[in-house]
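Single-structure report; data block below.
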Amino acid sequence: METFVFLFPQFNFLAPKEEAYFKMLGPKDLKAPRMKDSNSRLKDKRCQLSLLLTKSGSHENISPEKKTTTATSNISPEAALSWSSTFEELLRHSDGVETFSQFLRTEFSEENIEFWLACEEYKTIDSDSRLITKAKQMYAVFIEADAPKEVNIDYATKVAIQKTITTPTNTCFDAAQSKVFSLMKKDCYPRFLTSEIYLRLTKRKGPGTTMFRRRSRSCVFNEPRGEATGDSSAWL
C-alpha cells in the first residue's frame with residue numbers, strides 16, 4: 001500500500017526550492033524516518049547527558065577569589081582590621097597569613113608567601129641531614145632557574161645560595177627571604193588592603209564606592225497662590 005504524503009520544503013532548510021511538494025511513499029519509506037528520528041533523539045539525549053556531566057565537574061575551575069569565601073567566613077572584622085596596621089602584624093596571625101596567601105593566589109604570585117613560610121620553617125631545623133635535604137628541595141622549587149615556583153630575586157643572591165647548597169646553614173636563605181619580604185610588603189600588601197577579599201572581611205567598601213544620598217532639585221512655591229518658581233538655592 002502506498003501513501004500520498006505532502007512535503008513542504010519550507011520546513012526543510014536543506015531542501016532545494018525546486019523540490020516537489022508531494023511524493024508517493026511506501027511502507028518501508030514510512031518506517032525509515034521513524035527509525036531515524038528515534039536514533040536522533042537517542043543521540044540528543046546522550047549529548048545532553050554528556051553536557052550535564054561536564055557541567056557537574058566544572059566546580060574545580062572556580063576562581064581563587066570564590067574559593068576563599070568559606071575559608072575566611074569565621075574571621076571577625078575587628079581581627080581583620082588589625083592586619084592593616086603593619087605587614088609584620090599581618091604575618092603574626094595565622095588567619096592573616098592564610099588570607100594574604102589566598103589574595104596572592106588571585107594574582108598568581110603565591111610563591112612569595114610560600115617561600116617566606118618555607119624559610120621560616122627552614123630556620124628551625126636542627127638536624128644536618130634534614131637541613132641538606134630541605135635546602136636542596138627549596139633551591140629546586142624556589143631558586144633554580146625555571147623552578148616551578150621561582151621567586152623574583154637577583155642573580156647574585158641566587159649564586160650565593162647555590163654555593164652553600166652542599167653545606168647549608170640555617171641562614172643561607174636569609175638574603176633571599178629578606179628580598180621577597182620587601183617585595184610583598186611594598187608591592188603586594190598595599191593592594192591586599194584594597195582588595196575585595198580583605199574589604200569583605202572588614203565590612204568595608206572599595207575605593208570610589210562610597211555611598212551618599214544624591215540631592216535633588218526642588219521647587220519653591222510662592223505664598224499664597226502656590227505657584228512654583230525656580231530657586232537655585234533650593235537643593236536638598
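Shortest non-hydrogen contact noted between K185 and F87 is CB-CD2, 3.6 Å. Nearest heavy atom pair, residue I113 against residue L91, reads CD1-CD2, 4.0 Å. Heavy-atom minimum distance, W116 versus M184: CB-CE, 4.0 Å. Contact detail for K134 and Y122: the closest heavy-atom pair is CG-CD1, 3.6 Å. Nearest heavy-atom pair across K149 and E111 is O-CB, 3.6 Å. The two residues P77 and K203 come nearest to each other via the heavy atoms CG-CG, 3.8 Å.
Taken from CD1 in I125 to OG1 in T133, the straight-line distance is 8.5 Å, to the nearest 0.5 Å. E144 contributes atom CD, which lies 9.0 Å from atom NZ of K158 (distance to the nearest 0.5 angstrom). Note that the SG atom of C119 and the CG atom of N170 stand 11.5 Å from one another [nearest 0.5 Å]. Between the OG1 atom of T106 and the CZ atom of R191 there is a distance of 9.0 Å, given to the nearest 0.5 Å. Here the OG-CG distance, from S195 to L104, works out to 9.5 Å after rounding to the nearest 0.5 Å. One finds the OH atom of Y189 at 10.0 Å from the CZ atom of F181 (value rounded to the nearest 0.5 Å).
Ring geometry for Y198 against F192 counts as tilted: the plane angle lies between 30° and 60°, on a 0 to 90° scale.
Between I197 and R200 the shortest side-chain heavy-atom distance falls below 4.5 Å. Using a 4.5 Å cut-off on side-chain heavy atoms (C-beta onward), E98 and S94 make no contact. Counting only heavy atoms from C-beta outward, the side chains of M138 and E121 never approach each other to under 4.5 Å. Side-chain contact between K123 and F173: absent, with no pair of heavy atoms (C-beta onward) separated by less than 4.5 Å. Using a 4.5 Å heavy-atom threshold, the side chains of T99 and L201 count as touching.
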task = Could you walk me through whether C172 and T169 pass side chain to side chain contact (heavy atoms under 4.5 Å, CB included), step by step?
result = CA-CA 6 Å; C172 66; T169 63; 4.0 Å; yes

task = Begin from the C-alpha positions of T202 and W83 and carry the test side chain to side chain contact (heavy atoms under 4.5 Å, CB included) through to its verdict.
result = CA-CA 10 Å; T202 58; W83 306 340; over 6 Å; no

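Q177 and E120 form a side-chain donor-acceptor contact under 3.5 Å, judged by distance and modelled atom types alone. Of the N and O atoms on the side chains of T171 and D174, not one donor lies less than 3.5 Å from an acceptor on the other residue.
The cluster map of Ile, Leu, Val, Met, Phe, Trp and Tyr, joined by side-chain heavy atoms under 4.5 Å apart, puts F142 and I132 in different clusters. Tracing side-chain contacts under 4.5 Å through hydrophobic residues (I, L, V, M, F, W, Y), one never reaches V141 starting from L183; they form parts of separate clusters. Under the 4.5 Å side-chain heavy-atom criterion for ILVMFWY residues, a single connected hydrophobic cluster contains both V97 and I75. In this structure, I143 is a member of the same hydrophobic cluster as I165, with clusters built from ILVMFWY side-chain heavy atoms closer than 4.5 Å.
Under a cut-off of 6.0 angstrom, the local environment of CZ in R130 is sparse, with at most 12 non-hydrogen atoms contributed by other residues, nucleotides or ligands. Atom CG of N152 sits in a sparse spot, with 12 or fewer heavy atoms from other residues, nucleotides or ligands closer than 6.0 Å.
Side-chain atoms of S178 never come within 3.5 Å of backbone atoms of A175 as a donor-acceptor pair (strictly under, hydrogens ignored). S84 places no side-chain N or O within 3.5 Å of a backbone atom of A80 that could act as its donor or acceptor partner.
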